[in-house]
Student: 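The structure's right below; bear with me while I get my questions together.
Below, chains carry the letters A, B, ... as their sequence lines are ordered, and counting in each starts from 1. Predicted model, so just to flag it, every value in this text is computed and none were measured.
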Amino acid sequence: MAVSDSPQVRVRIAPSPTGFAHLGTASTTLYNVLFARVNSGTFTLRIDDTDIERNREEYERLIYEALHWLGFEWDEGPDKGGPYGPYRQSERLDLYREAAAKLIGESKAYRCYCTPEELDAERKQAQAEHRPYVYSRRCLTNPPTDRTVFTVRFHVPGGEVKFTDMVRGEMTFDSDLFGDFIIVKSDGYPTYNFASPLDDAAMQITHVIRGEEHLPNTPYQLLVVDALGYARPQAFAHMPLILAPDGSKLSKRKHPEANLMLYREQGYLPEAMVNYLALLGWNPGTERETFTLDELVAEFTFDRVQHGGARFDRKKLDWINGEYIRSLEDDDLTARLKTFLPDLDEATIERAAPALKTRLRVLGEAKALLEYLWADPPAPELSPEDRQRVKAAAVALSLLQEWEPVPIHDVLMQVVESSGLGPNATFMPIRLAVTGKKISPPIDYTLALLPKDVAMARIARAIQ
RNA sequence: CGACCGGUCGUCUAGUGGACUAGGACACCGGCCUUUCAAGCCGGGAAUCGCGGGUUCGAAUCCCGCCCGGGCUACCA
C-alpha cells in the first residue's frame, strides 16, 4: 500500500521505558517498518519517557535489544540521532512548556489547582449519580488564589473531531463529551496526549501507526494539534490488540508472557516471531502462512487488518517456529543452537543437527535431547532378557571400526535380526543405558554422538 | 456511567446478497510410516455465523433493537 501523494512518509514508534520490552511493541514496530519500507519512508524511534515514576534507563536498553533481536532497525532515534532530535521526551520539555504557555496565553488552556483528592471526589460523585464524568471546570471559572501547585488543562472547544484511520475508515468523535483534560502534570511533565501529538507534528510524522488502545486518544490529540495550529498527520492506523488467553489486553503486570525476551530465551527464531506476529490480526487473503519480512513488505495492506483483538496462541507460534527450524541449513541451526548448548562443541552440535531438526519446536528443547552427552545418566534397571540383547549388541558394537551412524545402524540391525524380535526390543534398553531416557534421537545417532569409549562404558555398566 | 471498537469451529482466520452441504491453519482425535520421540502422509470430529426482529425470491454478508466482550474514560503511556 504505497501512498504516492506528497511528502516523504515518516512513521514512528514511541514506546515508554516502563518495564520489559512488550510483544505489542514488537507488533507495532513490525507494521511501522512494513509501511515505511514499502513507501521508502523513514522509521523513527522515540522514547516517551514522561512518567518519571516508572521510567528507568535500563528499560530503554531492553527495548533496543528486543527490537534488534527481531531484526528491526530505525533511521532516527535517541541512540543514533537525526534531524528532528532529541528523540527522548524527557529532553524536549522546553517544547512542551512553550506550547503550554502559548495555549494558556490564548485562553485555550488554563491552570487547574484542584488536588487529586478533590478530583477524585468529583469522579466518585459522578459515578454515584450514574452520569459520565467530566471535569467541573471549577478552575476555569473560579480559580482559587491561595494555591501554588497546579496542572494545566486543555480547554476543549467542543464539536466533532474527524480523522482517517487506514484500518477502520473515517472516524468521528463528539468532543462535547470529553471534558477538559490535563496536558501538563503538577511535576511539570506533559501528559501523553499532549507530548505525543506535539512531537508527531514537530517530527513531521505523516502516518501514526499504533495499538488500538490509542483510538479513543486520537481526537484528544487532534484537538491539541489544531489548537496549536500545527499540521495533523495524514492518517492513522489503529492496529488490533494482542490479547491474553482470557481475552483481555496483554499487560506487563498480569501477563509475563508479554515479555519479548522470554521468547528469545526459549529459543524462538526472530523471523518466526515476526511471521507469527504479522498473522495475528492480519491475513493475506490466501491460504499462505509463512512469510519473510521482504514478502510481508510486498503483501501487507491495512485494509486486510482485523478490527478486533486477537488472542496470542503459543501453540501456533510453536508450529511456525518448528517450520522455520526445519527449514534451516545444518550450519545455520548449529550457529543458533550454540548459546542453548554451552556444554557442547560446535562440531558435535552440527553432527546432531539433522536429528534435532524435526524434533524441536523451540531451540531450548535441544538441551533435554542432548543432555546425556555431558551429564552421566544413572544406570538403568534392565530385565534379564533386555540385558541379553544389550550384551549381544555390545559385542557387535565393540568390534566396529568406524563409529558413525550408518555402520552403527548396520551392525545393530544384524543383532536385531538374530534376536528374532522387533528393533525396539534391542534399541530401547540401549537407549536407556546410554541416555537414561526413553526419548532420544534415533539410536544410531544417539550412540555416534558420544565418544565410543563413553558409550561402551555406559552399556557395559548396564549389563554388569 | 458514557461516546468508541469488536462478536464465523477451542484459537487465528476466509467470507462484502446466490459458487456456503460455511473454506484454510494451529490445536485435538484416529490411521499409515516407524527404532523411542518427532517429522511426514492420510482421514476425522469440531462454527445453531452472539440473540431477536426486519429487507429480499434468497443474508454470515444489508437495516433496527438487544446481549456479550474489549479498549478508553488517570496529574500511565
Student: For a quick test of reading the model: is some side-chain N or O of A:His307 closer than 4.0 Å to OP1 or OP2 of B:C5?
Tutor: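 For B:C5, OP1/OP2 do not have a side-chain N/O of A:His307 under 4.0 Å.
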Student: Contact class for A:Thr358 vs. all strands (heavy atom < 4.0 Å): base, sugar-phosphate, or nothing?
Tutor: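 Touches a base.
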Student: Could you check how far NE2 of A:His409 sits from P of B:U34, rounded to whole Å?
Tutor: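 That distance rounds to 12 Å.
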Student: What's the gap between B:C20 and B:U61 when it is taken at their C1' atoms, as a whole Å value?
Tutor: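 The answer is 11 Å between these two C1' atoms.
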Student: Would a line drawn from the ring center of A:Trp319 to the ring center of A:Tyr276 be shorter than 6.0 Å?
Tutor: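 Here the rings of A:Tyr276 and A:Trp319 have centres that are no less than 6.0 Å from each other.
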Student: Determine whether the aromatic ring centres of residues A:Tyr133 and A:Tyr135 are separated by less than 6.0 angstrom.
Tutor: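 No; A:Tyr133 has its ring centre 6.0 Å or more from that of A:Tyr135.
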Student: Just the rounded figure in Å: distance from P of B:U16 to CG of A:Asp303.
Tutor: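 Rounded to the whole Å, the gap is 14 Å.
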Student: Rounded off to whole Å, could you give me the CD-to-P distance for the A:Glu417 and B:U35 pair?
Tutor: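 It is 12 Å, rounded to the nearest whole Å.
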Student: Would you say that A:Thr164 contacts A:Arg232 through its side chain, given a criterion of any heavy-atom pair below 4.5 Å between the two side chains?
Tutor: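 Not touching, per the 4.5 Å side-chain cut-off.
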Student: So A:Phe300 and A:Phe302, would you call those rings parallel, tilted or perpendicular, with 30° and 60° as cut-offs?
Tutor: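 Judged by the thresholds at 30° and 60°, the geometry between A:Phe300 and A:Phe302 is perpendicular.
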Student: Can you work out whether A:His130 or A:Leu360 has the more 5'-proximal nearest nucleotide on RNA chain B?
Tutor: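 By nearest-heavy-atom nucleotide position, the 5'-most residue is A:His130.
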Student: Using purine N1 to pyrimidine N3 plus N6-O4 or O6-N4 for Watson-Crick, or N1-O2 and O6-N3 for G-U wobble, each under 3.5 Å, what pairs with B:C68?
Tutor: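 By the stated definition (distances under 3.5 Å), B:G6 pairs with B:C68.
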Student: Whole angstrom is fine here: how far is it from CD in A:Gln127 over to C1' in B:C1?
Tutor: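 About 8 Å, once rounded to whole Å.
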Student: In whole angstrom, give me the gap between the C1' atoms of B:U11 and B:G18.
Tutor: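 After rounding to an integer number of Å, I get 31 Å for this pair.
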Student: Do NZ/NE/NH1/NH2 and the carboxylate oxygens of A:Glu323 and A:Arg326 come within less than 4.0 Å?
Tutor: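 Counted as a salt bridge, because a side-chain N and a carboxylate O are separated by less than 4.0 Å.
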Student: Should the pair A:Tyr64 and A:Trp74 be assigned to parallel (<30°), tilted (30 to 60°) or perpendicular (>60°) ring geometry?
Tutor: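 Rings of A:Tyr64 and A:Trp74: tilted, as their planes differ by 30° to 60°.
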Student: Name the closest nucleotide to the A:Ala310 side chain, picking from B:C12, B:C76, B:U35.
Tutor: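 So the nucleotide nearest the side chain must be B:C12.
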Student: Is the A:Phe163 ring parallel, tilted or perpendicular to the A:Phe173 ring (thresholds 30°, 60°)?
Tutor: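 Judged by the thresholds at 30° and 60°, the geometry between A:Phe163 and A:Phe173 is parallel.
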Student: Please determine, for B:U16, whether a Watson-Crick or G-U wobble partner exists with both distances under 3.5 Å, and give it or none.
Tutor: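 Matched B:U16 with nothing under the 3.5 Å cut-off.
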Student: Across all strands, who's sitting opposite B:U61 as a Watson-Crick or G-U wobble pair, both distances under 3.5 Å?
Tutor: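 In the structure as shown, B:U61 has no Watson-Crick or wobble partner.
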Student: Any Lys/Arg nitrogen of A:Lys315 or A:Asp318 sitting under 4.0 Å from an Asp/Glu carboxylate oxygen of the other?
Tutor: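 Salt bridge: no.
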Student: Has the side chain of A:Arg359 got a donor or acceptor atom sitting under 3.5 Å from an opposite partner on the base of B:C37?
Tutor: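 Pair found.
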Student: Rounded to whole angstrom units, what separation is found between the NZ atom of A:Lys438 and the P atom of B:U35?
Tutor: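 Whole-Å distance recorded here is 19 Å.
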Student: Look through every strand shown and name the nucleotide pairing with B:A25 as Watson-Crick or G-U wobble, where both distances are under 3.5 Å.
Tutor: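 Across any shown strand, B:A25 pairs with B:U11.
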Student: Could you tell me how far B:C75 sits from B:C12 if I compare only their C1' atoms? Round to whole Å.
Tutor: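 Rounded to whole Å, the distance is 39 Å.
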Student: I need the CG-P distance between A:Leu277 and B:U13, as an integer number of Å.
Tutor: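 So the CG-P distance, A:Leu277 to B:U13, works out to 12 Å.
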Student: Heavy atoms from C-beta onward define the side chain here; which of B:G6, B:C76, B:U35 lies closest to that of A:Asp51?
Tutor: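 Between B:G6, B:C76, B:U35, the one nearest the side chain of A:Asp51 would be B:C76.
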Student: For B:A14, take OP1 and OP2 only and decide whether either is under 4.0 Å from a side-chain N or O of A:Gln306.
Tutor: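 It does, given that an N or O in the side chain of A:Gln306 lies less than 4.0 Å from OP1 or OP2 of B:A14.
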Student: Which part of the nucleic acid, if any, lies within contact of A:Glu323, taking any heavy atom under 4.0 Å across all strands shown: a base, the sugar-phosphate backbone alone, or nothing?
Tutor: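 Sugar-phosphate, no base atom in range.
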Student: When you compare B:C29 with B:U56, how far apart are their C1' atoms, in angstrom units rounded to a whole number?
Tutor: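 Nearest-Å result for B:C29 against B:U56 at atom C1': 42 Å.
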Student: When we call it a touch if two heavy atoms are under 4.0 Å apart, what does A:Pro132 touch: a base, just sugar-phosphate, or nothing?
Tutor: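 If one applies the 4.0 Å heavy-atom cut-off, A:Pro132 turns out to touch a base.
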Student: How is A:Leu177 classified with respect to the nucleic acid when contacts are heavy atoms under 4.0 Å: base, sugar-phosphate, or nothing?
Tutor: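 Sugar-phosphate contact only.
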Student: Within the distance-only criterion (no hydrogens, no angle test), does the side chain of A:Arg153 pair as donor or acceptor with the backbone N or O of A:Cys112 below 3.5 angstrom?
Tutor: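 Here the side-chain-to-backbone pair does not exist.
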Student: B:A22 and B:C49: how far apart are their C1' atoms, nearest whole angstrom?
Tutor: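 Those two atoms are separated by 8 Å.
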Student: With heavy atoms under 4.0 Å as the rule, sort A:Pro245 into base, sugar-phosphate or nothing.
Tutor: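 Nothing: the residue A:Pro245, judged by heavy atoms under 4.0 Å, touches no strand.
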Student: Can you tell me how far P in B:C26 sits from the matching atom in B:G43, rounded to whole Å?
Tutor: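 Those two atoms are separated by 14 Å.
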Student: Quick one: A:Ile242 CD1 to B:U11 C1', roughly how many Å, whole number?
Tutor: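 Rounded to whole Å, this separation is 15 Å.
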Student: List in chain and number order the residues that pass side chain to side chain donor-acceptor pair (under 3.5 Å) with A:Arg314, two or more places apart in sequence or in another chain; answer none if no residue qualifies.
Tutor: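 Expected list: A:Gln266, A:Tyr268.
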Student: I want to verify a distance call: between B:U36, B:G2, B:C5, whose nearest atom is closest to the A:Arg431 side chain?
Tutor: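 Output: B:U36.
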Student: Applying a 4.0 Å non-hydrogen cut-off, can you work out what A:Arg54 is touching in the nucleic acid: base, sugar-phosphate, or nothing?
Tutor: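 Base contact.
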Student: At a heavy-atom distance below 4.0 Å, what parts of residues 20-30 of chain A sit against RNA chain B?
Tutor: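 Heavy-atom contacts with RNA chain B come from no residue of residues 20-30 of chain A; none.
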Student: Using a strict cut-off of less than 4.0 Å between a Lys/Arg side-chain nitrogen and an Asp/Glu carboxylate oxygen, indicate whether A:Arg168 and A:Glu212 qualify as a salt bridge.
Tutor: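 Judged by the 4.0 Å cut-off on N to carboxylate O distance, A:Arg168 and A:Glu212 do form a salt bridge.
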Student: Do the numbers put A:Arg111 on top of the ring of A:Phe150, so that NZ or CZ is under 6.0 Å from the six-membered ring centre and no more than 45° off the axis?
Tutor: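 Geometry flag: set, cation within 6.0 Å and 45°.
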Student: How far, in whole Å, is B:A59 from B:G52 if one measures between their C1' atoms?
Tutor: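 Their C1' atoms lie roughly 15 Å apart.
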Student: Using only side-chain N and O atoms of A:Asn283, determine if any of them is under 4.0 Å from OP1 or OP2 of B:U13.
Tutor: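 It does not, given that no N or O in the side chain of A:Asn283 lies less than 4.0 Å from OP1 or OP2 of B:U13.
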Student: Walk along nucleotides 64-75 of chain B from 5' to 3' and tag each nucleotide B, S or - by protein heavy-atom contact under 4.0 Å, base first, then sugar-phosphate.
Tutor: ------SBS-SB
Student: At 4.0 Å (heavy atoms only), tell me whether A:His238 reaches a base, stays on the sugar-phosphate, or touches nothing.
Tutor: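 The answer is nothing, as A:His238 stays clear of every strand by at least 4.0 Å.
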Student: Do any side-chain nitrogens or oxygens of A:Arg326 fall under 4.0 Å of OP1 or OP2 in B:A39?
Tutor: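 Indeed not, no polar side-chain atom of A:Arg326 lies that close.
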Student: Say we look at B:G50 and B:G6: how far apart would their P atoms be, to the nearest angstrom?
Tutor: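 Each nucleotide's P atom is 14 Å from the other's.
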Student: Tell me what A:Thr18 touches on the nucleic acid: a base, only sugar-phosphate, or nothing, going by heavy atoms under 4.0 Å.
Tutor: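 The answer is nothing, as A:Thr18 stays clear of every strand by at least 4.0 Å.
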Student: Can you list everything that forms a salt bridge (charged side-chain N to carboxylate O under 4.0 Å, His left out) with A:Asp313? Sequence neighbours excluded, please.
Tutor: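 Checked A:Asp313 against salt bridge (charged side-chain N to carboxylate O under 4.0 Å, His left out); zero matches.
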Student: Base contacts versus sugar-phosphate-only contacts with protein, heavy atoms under 4.0 Å: please encode nucleotides 22-29 of chain B as B, S and - from 5' to 3'.
Tutor: -SSBS---
Student: Scan A:Gly281 against the nucleic acid and name what it touches under 4.0 Å (heavy atoms): base, sugar-phosphate only, or nothing.
Tutor: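 Here A:Gly281 touches the backbone only, sparing every base.
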Student: Is the closest basic N to carboxylate O distance between A:Glu98 and A:Arg92 below 4.0 Å?
Tutor: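 Salt bridge: no.
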Student: List in chain and number order the residues that pass salt bridge (charged side-chain N to carboxylate O under 4.0 Å, His left out) with A:Glu417, two or more places apart in sequence or in another chain; answer none if no residue qualifies.
Tutor: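 In terms of salt bridge (charged side-chain N to carboxylate O under 4.0 Å, His left out), with neighbours along the sequence ignored, A:Glu417 is linked to no residue.
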Student: Is the Lys NZ or Arg CZ of A:Arg56 less than 6.0 Å from the centre of A:Tyr59's six-membered ring, within 45° of the axis?
Tutor: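 Geometry flag: set, cation within 6.0 Å and 45°.
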Student: Who is the Watson-Crick or G-U wobble partner of B:C41, with both distances under 3.5 Å?
Tutor: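 Answer to the pairing question: B:G31, which forms a Watson-Crick or G-U pair with B:C41.
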Student: Output the rounded distance in Å from CG (A:Asp318) to C1' (B:U11).
Tutor: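 Answer to the nearest Å: 13 Å.
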Student: Regarding A:Asp49, tell me which of base, sugar-phosphate or nothing describes its non-hydrogen contacts under 4.0 Å with the strands shown.
Tutor: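 Result for A:Asp49 = nothing.
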